[in-house]
2 protein chains.
Amino acid sequence: MSPSHIHVPTNCHTVTEILSRVGDKWSVQVVVRLGEGPKRFNELRRTVEGVSQRMLTLTLRGLERDGLVTRTVYPTIPPRVEYQLTELGCSLLKTVRALGAWAIENRDEILEARRRFDNAAETADSLQSRSDAA
Amino acid sequence: MSPSHIHVPTNCHTVTEILSRVGDKWSVQVVVRLGEGPKRFNELRRTVEGVSQRMLTLTLRGLERDGLVTRTVYPTIPPRVEYQLTELGCSLLKTVRALGAWAIENRDEILEARRRFDNAAETADSLQSRSDAA
DNA sequence: CAGAATCCGTAACGATACTG
DNA sequence: CAGTATCGTTACGGATTCTG
């Protein structure tokens, strides 16, 4: 049992901070792909699908900055750069997979809830416009 | 062992979708606070700290739409509205806590990696400007 | 090949004022 | 009390062009 009634702002902030690192548009996908093994830049660019060159660069820089991936440059011609998960990155991948499992498990329930909610809102709207017209 | 080399786009998309629901600026904090029990609007507004009225409203609507919280209106004067986690919301809270635990556990390592990275970048910059001046 | 730099549109967010 | 409506700003992300 954790004392959840004790509010520790630092922890909340920490969690939020980490979540916004991982919650951006591409970080998770990149981490998951790198979970398959080290990859080169354009290799990632192809497999992540939909990511722009710019965003892949920024995402990788961010992950590198936080110590989640390493960037290794082989000074050949043409240049060759490999990205690889660090141990920290691997441990993150594990907990992200848990969240992923939850997402897949509850996908249908969420989608249906969404459908219901949108339907209800639509119904309310049409009732509204009917009373407007009257 | 999961066959991680088999790429299932639907699952990736699902995970990304869920993560962007939870990865926004306030959802997690709201869910965590609601994990302590049902709360009223302004009660949340105070405990979540930093959230604007507008964003709290939007966040709660989003969570309600996805079936993660319920919204109960007591038609008294003044009005009283209670928000409460659904079962689905509770199950999400559990996996989010796992991510939170990871965040807290690895906070220092991340911060230090960040510091190192920024230092290295700064050093490179100053070397750059020195060769510019020459 | 692996990026850096620039430009630009959208969407997220915050502050404020108003309402039932 | 619990919102809605409107406005302005900022941050995110995409497309394009250029470079070592």
Side-chain angles (χ1 to χ4, degrees), chain A residues 16-17 19-30 33-34 38-65 69-84 117 121 124-125 127-129 131-132, chain B residues 13 16-17 19-30 33-34 38-65 69-84 117 120-121 124-125 127-129 131-132:
Chain A
T16 302
E17 196 187 357
L19 265 162
S20 54
R21 135 120 319 297
V22 146
D24 69 11
K25 205 171 174 182
W26 304 110
S27 289
V28 166
Q29 291 197 56
V30 169
R33 293 274 78 86
L34 286 179
K39 292 202 187 309
R40 301 177 59 175
F41 186 85
N42 277 339
E43 199 174 350
L44 275 172
R45 184 153 161 48
R46 279 188 298 273
T47 57
V48 168
E49 180 151 15
V51 70
S52 67
Q53 190 187 47
R54 171 188 149 84
M55 287 318 294
L56 182 55
T57 302
L58 289 179
T59 301
L60 286 168
R61 286 290 173 281
L63 294 172
E64 189 194 357
R65 183 169 112 99
V69 311
T70 58
R71 175 176 181 270
T72 313
V73 182
Y74 300 93
T76 58
I77 295 183
R80 169 196 178 89
V81 180
E82 267 197 4
Y83 293 90
Q84 180 170 1
F117 185 90
D125 271 7
L127 289 177
Q128 181 58 36
S129 55
S131 73
D132 281 355
Chain B
H13 184 254
T16 302
E17 194 187 359
L19 265 162
S20 53
R21 134 120 318 296
V22 147
D24 69 11
K25 205 171 176 184
W26 303 109
S27 288
V28 166
Q29 291 197 56
V30 169
R33 291 276 76 86
L34 286 179
K39 292 203 187 310
R40 301 176 58 173
F41 186 85
N42 277 339
E43 200 175 350
L44 276 172
R45 186 154 162 44
R46 279 188 298 273
T47 56
V48 167
E49 181 152 15
V51 70
S52 67
Q53 192 186 43
R54 171 190 150 83
M55 287 317 294
L56 182 55
T57 302
L58 289 179
T59 301
L60 286 168
R61 286 292 172 280
L63 293 172
E64 188 193 357
R65 183 170 111 99
V69 311
T70 57
R71 175 175 181 271
T72 312
V73 182
Y74 300 93
T76 58
I77 294 181
R80 170 196 178 89
V81 180
E82 266 197 7
Y83 293 90
Q84 180 169 0
F117 185 90
D125 271 7
L127 288 178
Q128 179 58 35
S129 56
S131 72
D132 282 357

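Evaluation of the salt bridge (charged side-chain N to carboxylate O under 4.0 Å, His left out) rule for Glu17(A) yields Arg114(B) as partners, not counting sequence neighbours. Shown here are the side chain to side chain contact (heavy atoms under 4.5 Å, CB included) partners of Leu19(A), two or more places apart in sequence or in another chain: Val15(A), Val22(B), Val28(B), Leu99(B). For Arg80(A), the salt bridge (charged side-chain N to carboxylate O under 4.0 Å, His left out) partners at least two apart in sequence or on another chain are Glu82(A).
No engagement by Arg45(A) is indicated, since no non-hydrogen atom pair under 4.0 Å with the nucleic acid exists. In this structure, Tyr74(B) reaches neither bases nor backbone, as no heavy-atom distance under 4.0 Å exists between it and the strands shown.
In this structure, the CD atom of Glu64(B) is 15 Å from the P atom of dA2(D), given to the nearest Å. The CG-C1' distance, from Leu58(B) to dT4(D), rounds to 10 Å in whole Å. Asp24(B) has its CG atom 14 Å from the C1' atom of dC12(D), to the nearest Å. Atom CG of Leu44(B) and atom P of dA2(D) are 9 Å apart (whole Å).
In this structure, the separation between CZ on Arg21(B) and CZ on Arg65(B) is 8.5 Å, given to the nearest 0.5 Å. Once rounded to the nearest 0.5 Å, the distance linking CZ of Arg71(B) with CG of Leu60(B) reads 9.0 Å. Atom NZ of Lys25(B) and atom CE of Met55(B) lie 8.0 Å apart (nearest 0.5 Å). Atom-to-atom distance recorded for Gln29(A):CD and Leu56(A):CG is 11.0 Å, nearest 0.5 angstrom. A distance of 9.5 Å separates CG in Leu34(A) from CD in Glu43(A), rounded to the nearest 0.5 Å.
Scanning DNA chain C 5' to 3' for nucleotides with an atom closer than 4.0 angstrom to a non-hydrogen atom of chain B gives a first and last hit of dC13(C) to dG20(C).
Between Leu63(A) and Val30(A) there is a side-chain heavy-atom pair separated by less than 4.5 Å. Taking the side chain as every heavy atom from C-beta outward, Arg45(A) and Val48(A) never approach each other to under 4.5 Å.
Taking five base pairs at each end of the helix from dC1(C)-dG20(D) to dG20(C)-dC1(D), the local helix axes there meet at an angle of 40°, rounded to 10°.
Comparing Tyr83(A) and Lys25(B) by the nucleotide of DNA chain C that holds the closest heavy atom to each, the one mapping nearer the 5' end is Tyr83(A).
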Using a 4.0 Å cut-off on protein heavy atoms (strictly under), produce a 5'-to-3' string for nucleotides 15-20 of chain D with B for base contact, S for backbone-only sugar-phosphate contact, and - for none.
B-B--B
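Between Glu49(B) and Trp26(B) the shortest heavy-atom distance is O-CZ3, 4.1 Å.
At dG3(D), one or more side-chain N or O atoms of Arg61(B) fall inside 4.0 Å of OP1 or OP2 (strictly under the cut-off).
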